[in-house]
Protein chains: 2
Amino acid sequence: MDKYALFNKWVSFTASVHSVTHELTKDAKSDSITPVQYNILESITVSQKPITPSEISDCQHLSMPNTSRELKKLSEKNLIEKLSDTKDRRKQYIRLSNEGEAMMNETFKLVESRFLNRIQHTSEEDLEDIDRALDVLQSKLFY
Amino acid sequence: MDKYALFNKWVSFTASVHSVTHELTKDAKSDSITPVQYNILESITVSQKPITPSEISDCQHLSMPNTSRELKKLSEKNLIEKLSDTKDRRKQYIRLSNEGEAMMNETFKLVESRFLNRIQHTSEEDLEDIDRALDVLQSKLFY
DNA sequence: TATTTTAGTTATCAAATGATAAGTGAAGAG
DNA sequence: CTCTTCACTTATCATTTGATAACTAAAATA
């Protein structure tokens, strides 16, 4: 296997992924929040469990002061709730409020419908190929 | 095939792609340019042929005035060159200068070495699985 | 030839983001 | 009981980015 060719394939692949992701998600986000705030909400959504500001800071590559600022704004918009840990009172847990959850549900529903639309004419075999390919790449390359 | 399950798989897959991409490219970009400027240079690099400001504007989802501003900055940094079309003198073609090309080469070399590092312990069979999976997804999902 | 459209520019403004210094209060270590 | 570290906050500032209006010059079209 030519690893250099594989690298080039990877480059154009990731470009496609970015472009398709943009296409499926554009204008799906409520315009009451900024892109960074959306990313934060998304990461809270996907991590089922409540998540701490430090974790958000890490996985979003945001400094703690900036994370804190954005969480405050999200809180003021009533999209998230902060709970302090009963054991370690320095820590906080962030979760979506009902309003935040409703908003993210709506966004995801729209993105999902666009996704389904995109694969509506895909044959059953192709869908299974895609499914397997996603598994392969997730486990062997994008881990 | 459960298309809803496939959607969820797609969501976590794209999240992984973004995260790995970030990991491989972080600090690879020269800090004399901004993220948006890097994206522009990248798109000039990958499109082998010279590219017009309008095309950059389209594929980067940037307005023309902002595209123009950033191209001007890149030009002032001697990273790109503008050539005007001899037939239609409204049009311009943008290409990397020698300096810009050198800079992008260096960045790509670093990213490539990180990529090779990441797959260095991957078996030949797995590499071929990855290669096929990239082809499948590129042609059937991220087209 | 007069009018409209196209490709790109300039200027300006507001908002979003990134970076840094300094502070709070709680937990942990000696 | 002090000192240090940890998790997070507040304040502030510079830079980047996005949006808009008004402009130039060159096609294209009527």
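Lettering of chains follows the sequences in order, A, B, ..., and the numbering in each one begins at 1. Every value quoted in this text rests on a predicted model; they were computed, and no experiment measured them.
On a pure distance criterion of 3.5 Å, a polar donor-acceptor pair joins the side chain of A:R69 and the base of C:dG18. Contact annotation: side chain of B:D88 to base of C:dA7, donor-acceptor pair absent below 3.5 Å.
Surrounding NZ of A:K109 are at most 12 heavy atoms belonging to other residues, nucleotides or ligands under 6.0 Å away. Atom NZ of B:K140 has more than 12 heavy atoms from other residues, nucleotides or ligands within 6.0 Å.
The side chain of A:V36 lies closest to C:dT17 when the candidates are D:dC6, D:dA25, C:dT17. Listed nucleotides: C:dT6, C:dT17, C:dT20. Nearest to the side chain of A:P65: C:dT20. Among the nucleotides D:dT17, D:dT9, D:dA26, the one closest to any side-chain atom of B:R89 is D:dA26. With distances taken from any side-chain atom of B:R90 to the nucleotides D:dT9, D:dT17, D:dA27, the minimum falls on D:dA27. If you check D:dT9, D:dA19, C:dG18 against the side chain of B:S63, the one that comes closest is D:dA19.
Seen from the ring of A:Y143, B:R118 counts as a face-on cation partner, given the 6.0 Å and 45° thresholds.
Straight-line distance from the NZ atom of A:K87 to the P atom of C:dG25: 25 Å, rounded to whole Å. If you take CG of A:D31 and P of C:dA15, they are 14 Å apart, rounded to a whole angstrom. Between the NZ atom of B:K73 and the C1' atom of C:dT9 there is a distance of 14 Å, rounded to whole Å. Residue A:E70 contributes atom CD, which lies 14 Å from atom C1' of D:dT9 at whole-angstrom precision. The nearest whole Å value for the distance from the CG atom in B:N66 to the C1' atom in C:dA15 is 13 Å. Put simply, CD1 on B:I94 is 14 Å from P on C:dA7, counting in whole angstrom units. One can place NZ of A:K72 at 17 Å from P of C:dT17, the figure rounded to the nearest angstrom. Remark: C1' of C:dT17 and CD1 of A:I40 are 11 Å apart, rounded to the nearest angstrom.
Side-chain N or O atoms of B:T21 include one that pairs as donor or acceptor with a backbone N or O of B:V17 at under 3.5 Å. A side-chain donor-acceptor contact under 3.5 Å links A:Q37 to the backbone of A:T34.
Residue-level contact check: B:T67 touches neither bases nor backbone, having no heavy atom under 4.0 Å from any strand. B:Q92 comes within 4.0 angstrom of the backbone, heavy atoms only, and of no base. When heavy atoms are screened at a 4.0 angstrom cut-off, B:L71 is found touching no nucleic acid atom at all.
Aromatic ring pairs are classed by plane angle as parallel below 30°, tilted from 30° to 60° and perpendicular above 60°; the pair A:H61 and B:H22 is parallel.
Under 4.0 angstrom from either OP1 or OP2 of C:dT10 there lies no side-chain N or O belonging to B:S68. For the OP1/OP2 pair of D:dA7 and a distance below 4.0 Å, the side-chain nitrogens and oxygens of A:T52 include no atom meeting the criterion.
Position along DNA chain C of the nearest nucleotide to A:T86 versus B:P53 favours B:P53 as the more 5'-ward residue.
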